[in-house]
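Residue numbering restarts at 1 for every chain, and letters A, B, ... go by the order of the sequence lines. Computed from heavy atoms alone, side chains included, the values below leave out hydrogens, waters and symmetry copies.
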Amino acid sequence: MDFKRTADVVVIGGGVVGCSVAYNLAKRGCKNVVVLEKSYITSGSTGRCGAGIRAQWGTEMNCKFGIASIEIFEHLEEELGLPIGLHQGGYLVIAYKESEFDQLKKNVALQNSLGIKSKVISADEAKEIVPILNVDGAVGFTFHDRDGHGDPFLTTFAYAEAARRLGVEIFTYTEVKDIIVEGGKVKGVITDRGGISTPVVVNCAGPWSKEVAAMAGISIPTYSERHEALITEPVNRISEPMLISFTGNFYIQQRPHGSFIMGYGPEEHEETHRVNSTWVFLEEMARKLSNLLPPTRDLRVVRQWAGSYNMTPDAQPIVGGVEEIEGYYMAVGFSGHGFMFSPITGVLMSQLVLSEELDLPIDMLSYKRFERGELIVEPAVV
Amino acid sequence: MEKFTDDDVIVCRCEDVTLGQIREVIRRGYTDPEEIKRITRAGMGPCQGKTCRDIIIREVARITGKRIDEIPVPTYRPPSKPIKVGLLAEESD
């Protein structure tokens with residue numbers, strides 16, 4: 001494939017957010033969209049993520065992004081014409097502290113007010129949903145049946161293939177080195193394969209959001225944090241929902257394929273691009289899993305890996321344009337939730353770039369909120 | 001009797017992926033073994049690609065005309081052999 005010299009829009013990043021943005025731009029009639037990916041498709045945060053999809057959030061903005069994305073996920077296979085591995089077995093949220101349970105009850109009230117049919121359930125009801133669940137120490141549970149998980153690889157490839165069918169060109173192993181801005185307007189990008197003239201750049205660079213923002217002279221307070229995960233051998237279905245706890249600090253799910261995927265958040269929150277695995281994680285995760293679902297003691301761990309959460313100070317994403325530069329947009333800092341928010345993010349970003357009416361107001365997600373001190377802190381993050 | 005072709009050969013025995021499936025995704029444009037692994041699951045089972053990885057790289061080389069040493073090789077991840085959860089959990093007690 002010949003390299004491009006001009007484009008109407010350049011999307012930086014071949015993860016699920018970048019591919020969703022590119023697809024939605026092309027779907028709305030935007031011609032000459034180019035995606036630049038420095039490695040392979042899904043090589044950043046997307047392909048290393050925990051695969052969860054939920055609307056059970058503690059802020060209005062995240063609830064709206066969550067439920068809007070679930071509504072798109074539910075019809076995405078038809079829309080894109082390819083499988084995405086969606087499994088809606090719900091999210092079962094487990095509280096181990098009274099204060100945490102109080103927060104979860106507030107979250108459910110907020111969710112219900114936004115049309116999300118989540119509910120507080122008893123230990124007996126939780127055991128009905130997952131008969132092998134050990135509820136010792138748990139003080140309360142919430143559940144939402146439309147939450148679940150999907151396949152981040154298949155979803156991204158589906159977006160990418162559908163985008164290509166609509167004329168989007170995707171260049172892998174092509175690294176952006178600089179962004180050209182003149183007179184307050186985007187003029188183009190410089191890559192290791194040459195330059196591309198373009199009036200619009202969308203930063204969807206995931207772990208490298210800050211570096212790509214800096215290329216345009218924009219400073220954003222995002223940083224990457226290493227989160228580890230592991231997968232077991234596949235077995236018959238024994239756990240339908242995603243199991244998650246904020247104080248228990250874990251998420252555990254069984255994929256349709258039969259494998260369990262799980263992870264927990266790091267104790268140290270150092271800024272790093274490292275994605276190596278640790279023995280400590282393997283042991284600690286195994287302890288959490290075998291305590292929560294005792295029959296899994298006989299399951300074998302097949303593989304462990306790590307990926308980046310690209311964090312913001314309030315764990316909500318930055319989605320929007322920038323005041324200083326015409327034609328520069330960002331969909332970054334998803335703080336571990338880029339996959340689950342990618343469907344609505346692609347829609348909103350394409351509407352923004354094409355100056356169409358937005359499905360949801362996103363002013364609150366401006367990167368300027370950090371300077372202004374208008375943080376909207378999300379309490380429900382693992 | 002139906003004719004058996006090499007498309008029916010299982011290249012990834014952990015995840016039941018055939019050579020025909022590998023060829024199909026290569027034809028769809030997935031010529032990077034990293035992407036082939038992620039779209040077909042070949043190499044994601046208990047042996048983590050000890051059999052299929054080389055076969056897939058060879059197939060990509062044959063179809064694309066690239067040299068084997070030009071093709072990126074997916075990472076082997078720990079643990080090198082599957083370990084029971086119970087054993088790991090006891091270690092940390």
Could you tell me which portion of [X] (side chain, backbone, both or neither) has an atom closer than 4.5 angstrom to a non-hydrogen atom of chain B?
| X | result |
| --- | --- |
| A:Leu289 | side chain |
| A:Leu230 | neither |
| A:Thr156 | neither |
| A:Leu293 | neither |

Any donor-acceptor N/O pair, B:Glu35 side chain to A:Ile41 backbone, under 3.5 Å: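 Answer holds: yes.
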Side-chain donor or acceptor of A:Arg303 paired with backbone N/O of B:Gln48 under 3.5 Å: no
Heavy-atom contact with chain A under 4.5 Å, split by part of B:Tyr76: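 Contact with chain A is absent: no heavy atom of B:Tyr76 under 4.5 Å.
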Side chain to side chain contact (heavy atoms under 4.5 Å, CB included) evaluation trace for A:Thr172 with B:Asp32: CA-CA 10 Å; A:Thr172 56; B:Asp32 184 333; 5.8 Å; no
Can you tell me how far [atom2] of [Y] sits from [atom1] of [X], rounded to the nearest 0.5 angstrom?
| X | Y | atom1 | atom2 | answer |
| --- | --- | --- | --- | --- |
| A:Ser43 | B:Glu34 | OG | CD | 8.5 Å |
| B:Leu88 | A:Glu284 | CG | CD | 12.0 Å |
| B:Arg38 | A:Asp151 | CZ | CG | 11.0 Å |

The single option from A:Asp298, A:Val301, A:Leu299 passing side-chain contact (heavy atoms from CB on, under 4.5 Å) against B:Lys84: A:Asp298
Full working for side chain to side chain contact (heavy atoms under 4.5 Å, CB included) between A:Phe153 and B:Met44: CA-CA 13 Å; A:Phe153 304 128; B:Met44 284 190 168; 3.5 Å; yes
